[in-house]
Q: 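The structure is given below, and queries will be raised subsequently.
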Amino acid sequence: MRRVITIFILVILSFLLQSAVFGYHNVMGSSPNLLLVLTMSFGIMRGRREGLLVGVLSGFLYDVFFGSFIGPYMMLFMFIGYMNGAFHKDFLMEDIMLPVFIIALDELAFNFVVYVAAFLLRNRTDLSYYFIHVFLPQVFYTVLATVIVYRFNVWLNKFLKKKVKENATTA
């Protein structure tokens, strides 16, 4: 139960930072996607189930506040969290290179799906413009945020695992 409450609080904090702080203090019109970083972190640290859970919560908040209707972002975040959970077994928590590589791919996939849904279907087909002016800055800032935020997520995950072990030994 403590883990679910902690995940819920982390999703809310990431959403508030992403929308309130980085939404107004962006660089070149881009800001890091902290909800995607959180979804990726819990997917690779805890597996598919928690990646899916964090993805559903993150996507729901994204849909409610940024989307036209509830569902598309929730499905996208959920899929990304679930797919990142596949790396759970082959992962060393202290290694930062795998999460940086994964978040770059996740951010590219996320932006490409948004591009297809929001622009390509409206016959705005200048993919090279979007790649240079939207995709790359977005990937850069999200990777930069991952290097900072991911270490906190690893520390928090270890702390929660230790608390669960302590509670299991005392019970």
Q: Please confirm whether the backbone N or O of S31 pairs with a side-chain atom of Q138, one donor and one acceptor, at under 3.5 Å?
A: yes
Q: Between F65 and F15, does the ring centre distance come in under 6.0 Å?
A: yes
Q: Is the centre of the F77 ring less than 6.0 Å from the centre of the Y62 ring?
A: yes
Q: Test your reading of the model: is there a side-chain donor-acceptor pair from N153 to the backbone of S41, 3.5 Å cut-off?
A: no
Q: Treat each ILVMFWY residue as a node, draw an edge where side-chain heavy atoms are under 4.5 Å apart, and state whether F101 and V37 are in one component.
A: no
Q: So, Y73 versus F66, ring centres under 6.0 angstrom or not?
A: no
Q: Does the Q18 side chain pair with the main chain of L34, one donor and one acceptor, at a distance under 3.5 Å?
A: yes
Q: So with a 6.0 Å cut-off around OH of Y130, is the heavy-atom count from everything else above 12?
A: yes
Q: Mark yes or no for whether T142, through its side chain, and N33, through its backbone, hold a donor-acceptor pair below 3.5 Å.
A: yes
Q: Between F159 and K163, is a side-chain contact (heavy atoms from CB on, under 4.5 Å) present by the stated rule, with each step listed?
A: CA-CA 6 Å; F159 177 77; K163 287 292 184 184; 3.5 Å; yes
Q: Under 3.5 Å, is there a donor-acceptor pair between the side chain of N84 and the main chain of I80?
A: yes
Q: Do we see a donor-acceptor contact under 3.5 Å between the side chains of D126 and S128?
A: yes
Q: For atom OH of Y115, decide whether the heavy atoms of other residues, nucleotides or ligands shown that lie under 6.0 angstrom number more than 12.
A: yes
Q: Decide whether M74 and I12 are clustered together by the hydrophobic rule: side chain heavy atoms of Ile, Leu, Val, Met, Phe, Trp, Tyr closer than 4.5 Å, transitively.
A: yes
